[in-house]
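See structure below.
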Amino acid sequence: MAAPHSTAIPVIDFRRQNMSLEWHVESGKWTACTDAPPLVRGIALIRAAQPNICVYGQGGQLHLQVGTHQYALAESTPQLKFLRDSASFGLRRRFMVESATGEELFSHAYWSGQGDEFFRWLTARAGDPQWRTANGRLWSDGVEAAVLRAS
């Protein structure tokens with residue numbers, strides 16, 4: 001399930017509409033681009049206290065990276081889940097990445113309103129095998145930032 005790569009990939013920042021980044025696959029870290037690249041290959045969620053997260057296209061397939069952990073987004077695995085905690089009246093949310101066997105690979109709980117709608121955005125799209133396949137190919141070749149945001 002891991003997808004080892006060693007390169008820097010141009011991506012956009014999920015929260016900052018006009019910010020482009022170089023995503024460093026080996027370290028799961030990023031550097032800001034001084035000039036926006038003509039084409040980008042993914043989208044990243046940058047957070048100060050949490051591992052950075054990026055979804056990018058490489059080799060015709062989408063990959064999810066959480067910190068240094070990399071997962072190829074195959075047709076239906078890993079499973080991405082977005083849950084609302086009923087005990088908190090839906091104010092607490094949880095994003096989970098699970099293997100095909102149900103093993104929890106990553107979990108992040110947060111209060112709604114913290115601006116982490118990246119998880120809802122990603123889960124809604126990545127649950128569709130056709131979206132994974134089409135965007136894996138498209139993003140691997142590189143797309144304009146506006147096209148990627150619209151996908």
Side-chain angles (χ1 to χ4, degrees), residues 1-17 19-31 40-143 145 147-151:
M1 180 154 322
H5 303 290
S6 60
T7 188
I9 297 171
V11 301
I12 56 174
D13 185 298
F14 181 79
R15 291 186 179 146
R16 294 175 219 63
Q17 294 290 317
M19 186 169 184
S20 296
L21 313 167
E22 284 288 325
W23 179 259
H24 303 281
V25 176
E26 288 180 340
S27 65
K29 297 184 179 184
W30 60 277
T31 53
V40 294
R41 295 181 24 211
I43 189 164
L45 176 66
I46 306 305
R47 304 174 299 162
Q50 304 289 331
N52 297 316
I53 298 174
C54 187
V55 178
Y56 59 90
Q58 189 164 27
Q61 185 171 25
L62 287 179
H63 300 273
L64 171 65
Q65 185 167 352
V66 179
T68 58
H69 300 282
Q70 302 169 31
Y71 310 100
L73 291 178
E75 186 172 321
S76 61
T77 59
Q79 292 290 313
L80 306 182
K81 296 182 178 181
F82 177 78
L83 310 165
R84 294 176 192 256
D85 181 4
S86 61
S88 70
F89 303 104
L91 298 175
R92 190 122 172 102
R93 298 176 180 171
R94 177 171 298 279
F95 171 75
M96 295 177 20
V97 179
E98 291 182 349
S99 70
T101 61
E103 174 189 1
E104 186 176 290
L105 303 171
F106 174 75
S107 179
H108 173 65
Y110 63 98
W111 293 101
S112 63
Q114 284 187 322
D116 284 347
E117 296 312 314
F118 173 83
F119 301 115
R120 184 179 0 189
W121 172 87
L122 177 59
T123 305
R125 283 153 184 80
D128 178 359
Q130 291 177 334
W131 184 88
R132 287 184 185 203
T133 302
N135 285 294
R137 287 187 220 123
L138 184 66
W139 293 11
S140 291
D141 292 336
V143 295
V147 172
L148 190 139
R149 285 199 184 278
S151 69

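All values below were derived from every heavy atom in this structure, side-chain atoms included, with hydrogens, water molecules and symmetry-related copies excluded.
The minimum heavy-atom distance between S27 and T68, with the atom names listed, is O-CG2, 3.4 Å. Contact between P78 and Y71 at its shortest, heavy atoms only, is CG-CB, 4.1 Å. Between V66 and P51, the shortest heavy-atom contact is CG1-CG, 4.0 Å. When all heavy atoms of R41 and G142 are compared, the pair lying nearest together is CG-CA, 3.8 Å.
Residues Y56 and Q61 fail the side-chain proximity criterion, which asks for heavy atoms closer than 4.5 Å. Side-chain contact between L105 and H69 is absent, with no heavy-atom pair separated by less than 4.5 Å. With a 4.5 Å cut-off on side-chain heavy atoms, R47 and R15 count as touching. You'll find the side chain of W131 reaches within 4.5 Å of the side chain of L62, heavy atoms only. Side-chain contact between L45 and F119 is present, with heavy atoms from C-beta onward closer than 4.5 Å. Side-chain contact check for S99 versus T77: every heavy-atom pair is 4.5 Å or farther apart. Between R132 and Q130 there is no side-chain heavy-atom pair separated by less than 4.5 Å.
In this structure, CG on L21 lies 7.5 Å from CZ on R16, to the nearest 0.5 angstrom. Atom-to-atom distance recorded for I12:CD1 and R149:CZ is 3.5 Å, nearest 0.5 angstrom. Considering NE2 of H24 and CH2 of W30, their distance stands at 9.5 Å, rounded to 0.5 Å.
For S140, there are no side chain to side chain contact (heavy atoms under 4.5 Å, CB included) partners at least two apart in sequence or on another chain. For the side chain to side chain contact (heavy atoms under 4.5 Å, CB included) test, residues two or more places apart in sequence or in another chain that qualify with T133 are R137. For K81, the salt bridge (charged side-chain N to carboxylate O under 4.0 Å, His left out) test picks out E98, with sequence neighbours left out.
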Inset, instruction - Begin with the C-alpha distance, continue with both residues' side-chain angles, and end with the deciding distance and a verdict on salt bridge (charged side-chain N to carboxylate O under 4.0 Å, His left out) for E117 and R93. - result: CA-CA 10 Å; E117 296 312 314; R93 298 176 180 171; 2.9 Å; yes
Inset, instruction - Let me see the working for F95 and L122 under side chain to side chain contact (heavy atoms under 4.5 Å, CB included), right down to the final yes or no. - result: CA-CA 10 Å; F95 171 75; L122 177 59; 4.1 Å; yes
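Each of V25, I53, N52, I9 was scored for a side-chain contact (heavy atoms from CB on, under 4.5 Å) with Q65, with one residue passing: V25. Between W23 and the choices T31, I43, I46, T7, the side-chain contact (heavy atoms from CB on, under 4.5 Å) rule is met once, by I46.
Heavy-atom contacts from other residues, nucleotides or ligands closer than 6.0 Å to CD of E104 number more than 12.
The six-membered or imidazole ring of F14 lies near that of F118, with a centre-to-centre distance under 6.0 Å.
The backbone N or O of V55 sits nowhere less than 3.5 Å from a side-chain atom of H63 that would complete a donor-acceptor pair.
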